[in-house]
Structures are given as structure tokens and as C-alpha cells.
J.: 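Pasting a structure here, questions to come.
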Amino acid sequence: MTPIRLFCIICAFLLASVPWFYGLGSSSSRGDEGLPDWALHSFEVMLLFAAFIVYALWKYWSAMAGEDENPLNQMPEEGGSDQNDR
Amino acid sequence: MTGEQAILDKGGILFVGGYLVILLGLGVWGRLARKEKSLSDFYLGGRSFGPFVLFMTLFATQYSGNTLIGYAGRAYRDGFQFLAAPMFMMLVICGYLLYAPKLYRLSVRKGYITTADFLQDRFGYRPLSLLVSALGMVALCNYILTNLLAMGLLVETASGGRFLVWQGILALSVIMVLYETLGGMRGVAWTDVVQGILLLVGCLVIFALLNYRYNSYEVLSIDLKANYPSFWEPPDWEGKIGWLSTIVLLGFAISVYPHGVQRIYAARSENSLRRSLQVMAFMPILTTFFIVFVGWMGAGLLPGLESEKGATDRISLYMINLLVVEIPQFKFFMVVFLGAVIAAIMSTVDSALLSISSSLTEDWYRLFKPDSSQARLAFIGKILSWLLMGAMALLAIQSESTIFRLIEIKLELLLQTVPAIYLGVHTKRLKGRSLFAGMAVGTAVTVAFLVAQKLGAPLPAKPLGIYAGIWGLGLNLAIVALVEWRERMPSKLAQ
């Protein structure tokens, strides 16, 4: 998983959360939650998004970190910069 | 709550007073736990936070008083369209996922204190890091001012006028700056634990009590539908674009809040950071959605408040009051909720104050005094905290000043720093100069648009339903691409 691909998936969730395909006049309610269908749609996408975030944090953390930046793989720079002393 | 019984009676004042004493105690405890006199120890708690403290401090910091008060009011006015709110809070966590893993590893190796430290190290271009630092400080000043003002109004309202706005602002400001300068980030994070628990309990309590007392299905589908039938209609195209625009603006801008970035640096380990973010992913549902729900219930049970100035923004307090009137035994929960609002505001203000103080010390003071010792820098940081809090408290009390109005534009500005941080983490190929050019142009366009509008120019508030800051971001990215392309052209031609 690359950052760009993950970014695209996140954008897909954002787009899906907006009720694009519900036109004016579609104010019916299918469930007993007291919400109209289009709001229920957004609510369901929101729950899926939360589950995806938890999964993505577990699965793609290392991919987002990039192995080259792992401090365990790198020796401290000799002499160090002034920032290393903080 | 005008004309009604004060929420803070003697028992309530004792509860809030006890809470404030605990905060001061935690500040002292933070001071005793100090390991060294250094910027890292003072501003990042020695990079020692485990998953629980890290989660609580992230939670308490990102959910301000605006969450409990402002979001409910907005939900009251906008209806189901404000379902955008939990989504943008989730996008904040996604934003962290996109850049925090790599930024954390870099910070361990390089010892960053502020966001500007990272950009300076990555690109070595001082104008870029200073611009990011300045934009972050402007945004945080706004955050502090609006929250201080909300805090003063809340104290006056809740005490039934026994304490005035300025007294509330002054007293709580002194307490905040005291525990902050005593314990630094450690003190702030530990107080965030208490504040986060109160905040979470406050949200859960009001949601649970409303569902216990009323049938939410009936209130939403019968009362709300009768009071505001337009809420049941899906938004038109402009409304839908505005919905997406709100998610993008708030989600990405909040994800680069300077005090949020510093909490990434403050993690004890990668696992601590990852676990705390995993729990954070559910907080928009348990906090933001619950409060939005309270706003909808309020519109169903107490319609017609929009005609009274500022009344919709107090809907969560009205709802608690309604519960107490119907079931007097719930009085204690009302005090708890009030404590939660005060806690949410204080946890936001103290973190923002600490972050501005660190930026001033690390990014600006150190630039002119590079040979200052760590102990000297930490001391300067504390002095700056007192001066800053004094200035902010005065400005908040004089809230009608022009400065206050001008810096209302905050998230639009912060959004312009997103490309530098997100792209800077993942690629070294970009030049600091191109990122600076994009950020400067994006900021200038956004500010020009918003200032012109405030001065009365005939401009739409959101052109095509999109915030000015997002137009600025688009231009920002276009300029970055253009400058990069121009810089690479000669080398490509030479090949």
C-alpha cells in the first residue's frame, strides 16, 4: 500500500459519505432510527469509515512509515546536529 | 439560561473548585516528575507518553468546548446535514495515518520540537519553516481567543451572573498558565487525562439521559419532522458540495494543528502512537455524533430558538436543563456536563498556549540566540507563556476588537500548510522554495478573499459552495507543481 493509494481510498470514503444520489423529495425513512434514508446512508458510511481507519492503522502503519526512516535501522549521525542534543 | 436558576449553586461551585484544585495539583506533580531542564522535557514531556495518556491528551485537545456547545447548535440549525461533523473528525485520524508514522520515526532520530523543526530539517529553507510557524501561531491564537471567550460566557451563564465574563476568563487563565508553566507538556497531558474523562462522561451522560427520558425515534421522526420538515429533504447540489468542502477543510486543517503534531513527537513508542490513534477513530462517534444528536433532539423538543440571538448555541445546556426540570435527581449530571464543557475548553487552550510558546521559543527566539542553553530556552518559554496568556485574556475580554475579527480566519490558513507537511514527509524531491511559493500564494489569496468579504465586497461566502481556503489550497498545489516543473526543466533539457 502506497500513501497515494491510501489517500485515494480515503477520498473514496469521503465522496461516498455525501448523499449525491438522493434528490430533493426523497425524504422517506426505511429504518426505525428516525433518520431519513439519505442521512442513514451517510451514517452507515461513517461507521464503515471508522472500521476502515482502525484496520488501516493496524495494517498499513509500517507501509506509511517507510522502512528507510526506521530509527532502528539507522546509526546515529556522528557528531550529530544541534537538534540531536535536545 | 437567562432568567432560569443558576446551574452552579454551592454544590456546583464546590465541584468545579475541586476540579480546578486537582488540575493545579497535577501541574505540581508534573513539575516534580521533570527529568531535565530542556525544551524536549518541557514541551514534549520527555517523549514519554504511553498509549493511555497519549490517547487522552489527543482526545481532550482535539475536542474543544466548540464540540459540546457549537456543534450541537450547528446541528440544531443545519439538521441532518451536519452529519459532516463526525466525518471530518475521522478524517483527522486518517490524516495522521498518512503522515504520522514517518514523521514519528524522523522525530525520534532528529529530535524535533515543532512542526517547523521538521520542515527546516527536511528542506533547509528557512522562509518555509517560518511561514508554517507563523500560520500555526495565528491559528492557535484564534483557537485560544474563541475558547477563552466561550469560557467566560459559560461561567457567567452557569453562575447566574454571580461571576462576570472577565472574572471567569481571568481566573481560569491564571490557573491554566500556572499548571502549564509548572508541569509543561507533562502537566498539560496529565490534566488532559482528567479533562478527557470529564468530556467523554459529559457526552455519554447527555446522550444516555436523553434516550432514557425520551423516545428518540418519535422525537426525530415526528416532532422534528413537524417542526423542521426541510431537515428531511436531502441537500441540493450546492449543499452537497458544501458538505464535502466542510469535511475536506476541517479534516485536513485540524490534522496539522501544531499541538497535535507535538503529541506525535511526544509518544513513547510507535505502538503507543498507533494504539492511541486506533481508539481515537471511534471518538467521533462517541463524542461528535452524540452531541450532533443532542442538537437534533433539541430541534425536535425546543423548536424556534433560532429567532433568539445565540440561543441555538446553548442548546446542549437547554437540553440538560430540560432534563433537570423533568427529573430533579439529574441535577448532578448537569454539573458534570458543565464541568465537561469547562474541561474541554481548558484542555484546548492550555495545549494551544504551550504550542505557541514552543514555536516562539524554538522557531523564532532560537533563530536570533542560537547559543542559548536548554535551561535558558525553557525559562524563556515559560515567560512567553505568561505574556501570551495575559495578552490573550485581555483580547478575549475586549472581544469586539478588530484584531479578534481578523484572526477569525484560522482553518483556511492552516490548510495551506498541509502540502508542505504531507508531501514533505513522503518525498525529499520537492524543493522548499516551491512549497513556500505555493503556501504564500494560497495564503495570500485566501486572506485577500476573506478580508475583502469582511470589508463588504460583493463576494459569495463560499464560491460554488466551496470554502475560500480550499480554493487557496488548489492554487497552492498548482504553484508547487509549476515551480517544480520550471526548476526541473533545465536539467531535463540538458539530458
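The chains referred to below are lettered A, B, ... by the order of the sequence lines, with proteins before strands, and numbering in each begins at 1.
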J.: Between chain A and each of B:Leu273, B:Asp41, B:Ile222, count heavy-atom pairs under 4.5 Å; write down the option with the most.
T.: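 Among B:Leu273, B:Asp41, B:Ile222, the one with the most close pairs to chain A is B:Leu273.
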
J.: Charged N to carboxylate O under 4.0 angstrom, B:Asp121 versus B:Lys110?
T.: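 Judged by the 4.0 Å cut-off on N to carboxylate O distance, B:Asp121 and B:Lys110 do form a salt bridge.
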
J.: In this structure, are over 12 heavy atoms from other groups packed under 6.0 Å from B:Tyr365 atom OH?
T.: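 Atom OH in B:Tyr365 is packed in, count exceeds 12.
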
J.: Side chain, backbone, both or neither: which part of B:Leu103 has a non-hydrogen atom closer than 4.5 Å to chain A?
T.: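 When you check distances to chain A, no heavy atom of B:Leu103 falls under 4.5 Å.
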
J.: If you look only at pairs with a residue in residues 242-255 of chain B, which of them pass as a side chain to side chain donor-acceptor pair (under 3.5 Å), with sequence neighbours excluded?
T.: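 Residue pairs with at least one partner in residues 242-255 of chain B: B:Ser255-B:Tyr422.
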
J.: For B:Phe80, which atoms come within 4.5 Å of any heavy atom of chain A: side chain, backbone, both, or neither?
T.: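 Both the backbone and the side chain of B:Phe80 come within 4.5 Å of chain A.
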
J.: Within this structure, what is the CZ-CD1 distance for the pair A:Phe52 and A:Ile9, rounded to the nearest 0.5 Å?
T.: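 One gets 4.5 Å once the value is rounded to the nearest 0.5 Å.
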
J.: Do you know which of B:Cys94, B:Gly79, B:Ala281 has the most heavy-atom pairs with chain A at a distance under 4.5 angstrom?
T.: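 With the most close heavy-atom pairs to chain A, the winner is B:Cys94.
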
J.: Strictly by modelled atom types, are B:Thr114 and B:Gln262 linked by a side-chain donor-acceptor pair under 3.5 Å?
T.: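 Note: B:Thr114 and B:Gln262 side chains miss the donor-acceptor criterion.
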
J.: Do you know which of A:Leu47, A:Ile10, A:Leu15 has the most heavy-atom pairs with chain B at a distance under 4.5 angstrom?
T.: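 Result: the option with the highest number of such pairs is A:Ile10.
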
J.: Without hydrogens or angle criteria, can the side chains of B:Ser129 and B:Gln120 be said to hold a donor-acceptor pair below 3.5 Å?
T.: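 There is such a pair between these side chains.
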
J.: For the interface with chain B, which of A:Leu6, A:Leu14, A:Val45 has the highest count of heavy-atom pairs at distances below 4.5 Å?
T.: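 It is A:Leu14.
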
J.: Take the angle between the ring planes of B:Phe118 and B:Tyr112 and call it parallel below 30°, perpendicular above 60°, tilted in between.
T.: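 B:Phe118 vs B:Tyr112 ring planes: perpendicular.
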
J.: Using non-hydrogen atoms only, which part of B:Phe289 is less than 4.5 Å away from chain A: side chain, backbone, both, or neither?
T.: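 The answer is the side chain of B:Phe289.
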
J.: Under 3.5 Å, side chain of B:Asn227 to main-chain N/O of B:Ala299, donor-acceptor pair present?
T.: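 Yes.
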
J.: Among B:Ile285, B:Leu224, B:Leu91, which residue forms the greatest number of heavy-atom pairs with chain A at distances under 4.5 Å?
T.: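 Option with the greatest count: B:Leu91.
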
J.: Using a cut-off of under 4.5 Å for heavy-atom pairs, which of B:Met87, B:Arg275, B:Glu218, B:Met280 has the most such pairs with chain A?
T.: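 The residue among B:Met87, B:Arg275, B:Glu218, B:Met280 with the greatest pair count is B:Met87.
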
J.: Is there a side-chain contact between A:Met46 and B:Met90, using heavy atoms and a 4.5 Å cut-off?
T.: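 Yes. Closest side-chain heavy atoms under 4.5 Å.
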
J.: When only heavy atoms count and the cut-off is under 4.5 Å, which of residues 53-61 of chain A reach chain B?
T.: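 Under the 4.5 Å heavy-atom cut-off, A:Ile53, A:Val54, A:Ala56, A:Leu57, A:Trp58, A:Trp61 qualify.
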
J.: Distance only, no hydrogens: is a donor on one side chain within 3.5 Å (strictly under) of an acceptor on the other, for B:Ser272 and B:Ser269?
T.: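 B:Ser272 vs B:Ser269: donor-acceptor pair found between side chains.
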
J.: Taking side chain as everything from C-beta outward and backbone as N, CA, C, O, which of these in B:Ile247 sits under 4.5 Å from a heavy atom of chain A? Side chain, backbone, both or neither.
T.: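 Looking at B:Ile247, just its side chain touches chain A.
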
J.: Considering only heavy atoms, which portion of B:Gln81 lies under 4.5 Å from any heavy atom of chain A: side chain, backbone, both, or neither?
T.: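 Interface part for B:Gln81: both.
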
J.: Has B:Thr427 got a side-chain atom pairing as donor or acceptor with B:Leu423's backbone, closer than 3.5 angstrom?
T.: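 No, the answer is negative, given that no donor and acceptor are paired below the 3.5 Å cut-off.
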
